[in-house]
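Written below as structure tokens is the structure these notes are about.
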Amino acid sequence: MSGSPDDLPFFGDDDAARPAARAGGIAARAMAARQGAAPTYLEGLNPEQRLAVETTEGPVLVLAGAGTGKTRVLTTRIAHILATGRAYPSQILAVTFTNKAAREMKARIEVLVGEAIEGMPWLGTFHSIGVKILRRHAELAGLKSSFTILDTDDQIRLLKQLIQAEGLDDKRWPARQLAQMIDGWKNKGLAPGDIPEGDARAFANGKGRALYLAYQERLKTLNAVDFGDLLLHPIRIFRENPDVLREYHTRFRYILVDEYQDTNTAQYMWLRLLAQNPARDSAVNICCVGDDDQSIYGWRGAEVDNILRFEKDFPGARVIRLERNYRSTAHILGAASHLIAHNEGRLGKTLFTDAVDPDDPKVKVHAAWDSEEEARAVGEEIEALQARGKALNDMAILVRASFQMREFEDRFVTLGLNYRVIGGPRFYERMEIRDALAYLRIVAQGADDLAFERIVNVPKRGLGEASVRQIHDVARMRGTSLLQAARDLVGTEEMKPKPRAALRNLVESIERWQGLLERTPHTELAEIILEESGYTEMWKNDRSAEAPGRLENLKELIRSMEEYESLRGFLEHVALVMDAERDEEVDAVSLMTLHSAKGLEFDTVFLPGWEEGLFPHQRALDEGGRAGLEEERRLAYVGLTRAKKNLHIWFTSNRRIHGLWQSTIPSRFLDELPEAHVEVAEESGAFGGYARSPGRPNPYGPSRFDEAGQAFSSPYATPGWQRARRNRNEATERNWGTRSGHQVERIGYGEADSGYGAGRGSVKGRTIEGELVARSVSDTPSAFKVGDRVFHIKFGNGNVTAIDGNKLTIDFDKAGQKRVLDGFVERV
DNA sequence: AGACCAATCAGATCG
DNA sequence: TGATTGGTCT
């Protein structure tokens, strides 16, 4: 997003004011377009893409599979609308989910249109456009247009205060949990009055609703909003003020939505309000682009249903499918398509490619003994590719859960292999950045109480709890901001001399900085503030390992301020934007979660950890049942379709989860890959070739991976494994009998699945186990006792030294002391 | 104010 | 197992 705050009067006709200058080039282009010769920007589009670009009128749903040129269509469509003179830039509403996507789109449109179009003011994320609308009409939501935007941290602090004010135990009822509930309600577009009874009762014996209400009240008095409000307030404003909504209807002639499958209910309501113009005689020009198969954010409120329902919502909608894939080989596409065909709730698309090369490698499935070997083998493969001249930048490892990353990082560090972790804590969420921003906020907007509270004693200046409470009391009594209250307090004798001097010093500093606000360049001011407040000093004196990095981040913060015109403009955007850029300069392997890989592509992709319980993740199955499984499968699909040429999938037989070694079984997703496009790699690594011994008791039904991944003799045939399995089944049966929320679900095999192996036909159904491994607490006391001599398939022989439920601590002769579940050892 | 210990928790994350 | 967090103690 461009840096400057948009200070143009809303309907001040920014187009009319300078149409000539801008329309010049566009008009000429439009002319060319009407004269028949296809404009250059349409060149190279395939027929479907072109249809999606040129069907500008009426509702359109573009179902764009992975790698089918979705962004290209979206940007070309906008360029087309502009070039043919159908609308001015400011009459197009284009929403994305991430700032990155918005930036990218803006840049690409600029290339297409051939000039800077700073005039696409309504291209941005749902939230940034929400802010913009809300600032215009803040008073209609009972706010001042200078409202501040809280992030999750502020939110939790605030809720905690409210919970305590209610006289509740904030241990028993954590603010974090309430914040999540409120977020969930807001995602669904629910105001305190709308939340269902059941939900309302779920928190603090029915105080949930009251707390939500109190929270909203508090936000209003603080003149603040949270992220959810950025959509909810505009929705309410639109509903209660038809004239306001009408203005937007007149303004937005074309609406475009990216990643439509990720929209939640609130976003959907917001869009519908804007798109459905009863006064308009022609159809709504809304174009939603998405891929139902890549909907992986159900857990954060996304409703796949929005995309599945599109044709009903917008009668007469055209649905255009983009299925021609420009990214991956036929093997990769074949594997991905076959896998995703196992999902039921989908609109259905099949990717294809013309670029079929018989030399393309198949998708490789590898087995490893444990996660350590997995990491070692992947590292070797990467080094081999590197030796053949491949760039590390073209390789990525995509994991299901972030704890998997560590093993790879360790390995890469020892190998001296460059890697970069994508994702992780966002830049602006770091403590030092948030502190620095709080200083800037208090200077820019003195009434920002949350900012004041954050910095009042950072660095330590002897203003502890007692002093802060005193300031609070005064502020509440006089109805002023905390800063004002502090100012008043230092003029009196109410405080003890020491804190009073400290507070006076702080207040005077803030006033001094405020005085500099107009006269000093904002980057310079920021440096002055951080220096004079002692904040940088604090980190310089800090001996911890992170301190240098934090100082570096602060420098980075100031550097990033340069792009903005003013401090105010910077703060406006910082609340919404600010992800640290990754430098492409260094050649490095990317390491990230599957979720953050969406939208990216790499020549070579490694997908480790394809084991039941990890992927599909147990919690997704427990909480989401069938829907949860389907979302996991879509996640797998996203992973597969990230690869352009080489795709390696790994699973291990043993994995340490929460410090306990557990035996694992291959993911059911492996069985859902088509044989024609997959080959099981024969490793000749440290463990030598794998013994092939059939007959693994796989509770999910026979699998063609039953025989892989066995380094020694078949571990699955050992009595220990058999007993583990027996225990597991007993445990799950017990659980199903007594616990709610767990049920046995039958997933029949679809037609698409019947392709391989005679064994399959005999399988009646597949059970989603409630528990992969009996949960750590067992009802039955362990059958072992201290001193027992036992055998474990991974660690060999050892003696039991301690028992905790079904967790055993064992001194192994060779491997040392380990903790394992009792099901995996056998008395000898 | 800071150090130290026990308790808790371990799926993904955009703005 | 390990990081993080909240509490207590000095």
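In this text the structure is predicted, and so the values were computed from the model without any measurement.
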Handout entry: Nearest-nucleotide pick for A:F227, side chain only, options being B:dG15, B:dG11, B:dC14
Key = B:dG15
Problem - Phosphate OP1/OP2 of B:dA1 contacted by A:N457 side-chain N/O (<4.0 Å) - result: yes
Exercise for the section: Check whether any side-chain N or O of A:S402 sits under 4.0 Å from OP1 or OP2 of B:dA12, and answer yes or no. Expected result: yes
Problem - Candidate nucleotides B:dG15, B:dA10, B:dC14, ranked by approach to the side chain of A:R300 - the nearest - result: B:dC14
Practice task
Could you check whether A:H658 and the base of B:dA10 form a stacked pair, meaning centres closer than 5.5 Å and planes differing by less than 30°?
Solution key: yes
Practice task
Write out all pairs satisfying salt bridge (Lys or Arg N to Asp or Glu O under 4.0 Å) with one or both partners inside residues 398-409 of chain A, taking only residues at least two apart or from two chains.
Solution key: A:R400-A:E632
Problem - Atom pair distance, as rounded to whole Å: CG in A:L231 and C1' in B:dC14 - result: 12 Å
Exercise for the section: Identify the two heavy atoms, one from A:K598 and one from A:R642, that lie closest to each other, and give their separation to 0.1 Å. Expected result: C-NH1, 4.3 Å
Practice task
For A:T152, enumerate each residue passing the side chain to side chain donor-acceptor pair (under 3.5 Å) test, keeping only those at least two apart in sequence or located in another chain.
Solution key: none
Handout entry: Residue mapping more 5' on DNA chain B - nearest nucleotide basis, A:R461 or A:E623
Key = A:R461
Problem - Secondary structure string for DNA chain B (Watson-Crick or G-U under 3.5 angstrom, | for other-strand pairs) - result: ||||||||||.....
Handout entry: Below 4.0 Å: OP1/OP2 of B:dC14 and any side-chain N or O of A:N99
Key = no
Handout entry: Any donor-acceptor N or O pair under 3.5 Å, side chains A:N187, A:N264
Key = yes
Handout entry: Ring geometry between A:F408 and A:F412 (parallel below 30°, tilted from 30 to 60°, perpendicular above 60°)
Key = tilted
Problem - Under 4.0 angstrom between A:T593 side-chain N/O and B:dT13 OP1 or OP2 - result: yes
Exercise for the section: Determine, step by step, whether A:I422 and A:R420 satisfy the side chain to side chain contact (heavy atoms under 4.5 Å, CB included) criterion, reporting the C-alpha distance in whole Å, the side-chain angles of both residues, the deciding distance to 0.1 Å, and the verdict. Expected result: CA-CA 6 Å; A:I422 315 268; A:R420 83 183 119 233; 4.0 Å; yes
Practice task
Select base, sugar-phosphate, or nothing to describe what A:E632 touches, counting heavy atoms under 4.0 Å on all strands.
Solution key: base
Exercise for the section: Check A:V289 against A:K70 and note the closest heavy-atom contact, atom names and distance. Expected result: CG1-CG, 3.1 Å
Handout entry: Charged N-O contact under 4.0 Å between A:D229 and A:K186
Key = yes
Practice task
Determine, answering yes or no, if A:W299 is stacked on B:dA12 under the 5.5 Å centre rule and the 30° plane rule.
Solution key: yes
Practice task
Quote, to the nearest angstrom, the P distance that separates B:dA12 from C:dT5.
Solution key: 15 Å
Handout entry: Stacking of A:H595 on B:dA12 base (centres under 5.5 Å, planes under 30°)
Key = no
Handout entry: Among B:dA1, B:dT13, B:dG11, the one nearest A:Y297 by side-chain distance
Key = B:dT13
Fill in the blank from the handout: Which of B:dG15, B:dA12, C:dT1 is nearest the side chain of A:R400? It is B:dA12
Problem - Nearest-Å distance for atom pair CG/P, residues A:D153 and C:dT5 - result: 10 Å
Practice task
Could you work out the separation of B:dT13 and C:dG2 based on their C1' atoms and round it to a whole Å?
Solution key: 22 Å
Handout entry: side chain to side chain donor-acceptor pair (under 3.5 Å) between A:E453 and A:Q161, intermediate numbers included
Key = CA-CA 13 Å; A:E453 237 178 303; A:Q161 291 173 6; 3.2 Å; yes
Practice task
Return the value, rounded to whole Å, for the distance between atom CG of A:L607 and atom P of B:dG11.
Solution key: 20 Å
Handout entry: Pairwise C1' distance for C:dG6 and B:dG11, with rounding to whole Å
Key = 25 Å
Handout entry: Spacing of A:K100 atom NZ relative to B:dT13 atom C1', expressed in whole Å
Key = 14 Å
Fill in the blank from the handout: To the nearest angstrom, the CD-C1' distance between A:E612 and B:dG11 comes to 15 Å
Fill in the blank from the handout: Picking from B:dA10, B:dA12, C:dG2, the nucleotide nearest the side-chain atoms of A:R406 would be C:dG2
Please tabulate the protein-to-nucleotide N/O contacts below 3.5 Å involving nucleotides 7-10 of chain C, giving atom names and distances.
| residue | atom | partner | partner atom | Å |
| --- | --- | --- | --- | --- |
| C:dG7 | OP1 | A:K171 | NZ | 3.4 |

Exercise for the section: Classify the nucleic acid contact of A:G462 as base, sugar-phosphate or nothing, counting any heavy atom under 4.0 Å across all strands shown. Expected result: sugar-phosphate
Fill in the blank from the handout: To the nearest angstrom, the CD-P distance between A:E409 and C:dA3 comes to 12 Å
Handout entry: ring pair (Phe, Tyr, Trp, His ring centres under 6.0 Å) involving A:H595 - partner list, sequence neighbours excluded
Key = A:Y297, A:W299
Problem - Length of the line joining A:E631:CD and B:dT13:P, which is rounded to integer Å - result: 13 Å
Practice task
To the nearest Å, give me how far apart NZ (A:K186) and P (B:dG15) are.
Solution key: 18 Å
Completion exercise
Residues at least two apart in sequence or cross-chain that pass side chain to side chain contact (heavy atoms under 4.5 Å, CB included) with A:A175, listed by chain then number, are A:I156, A:L159, A:K160, A:I163
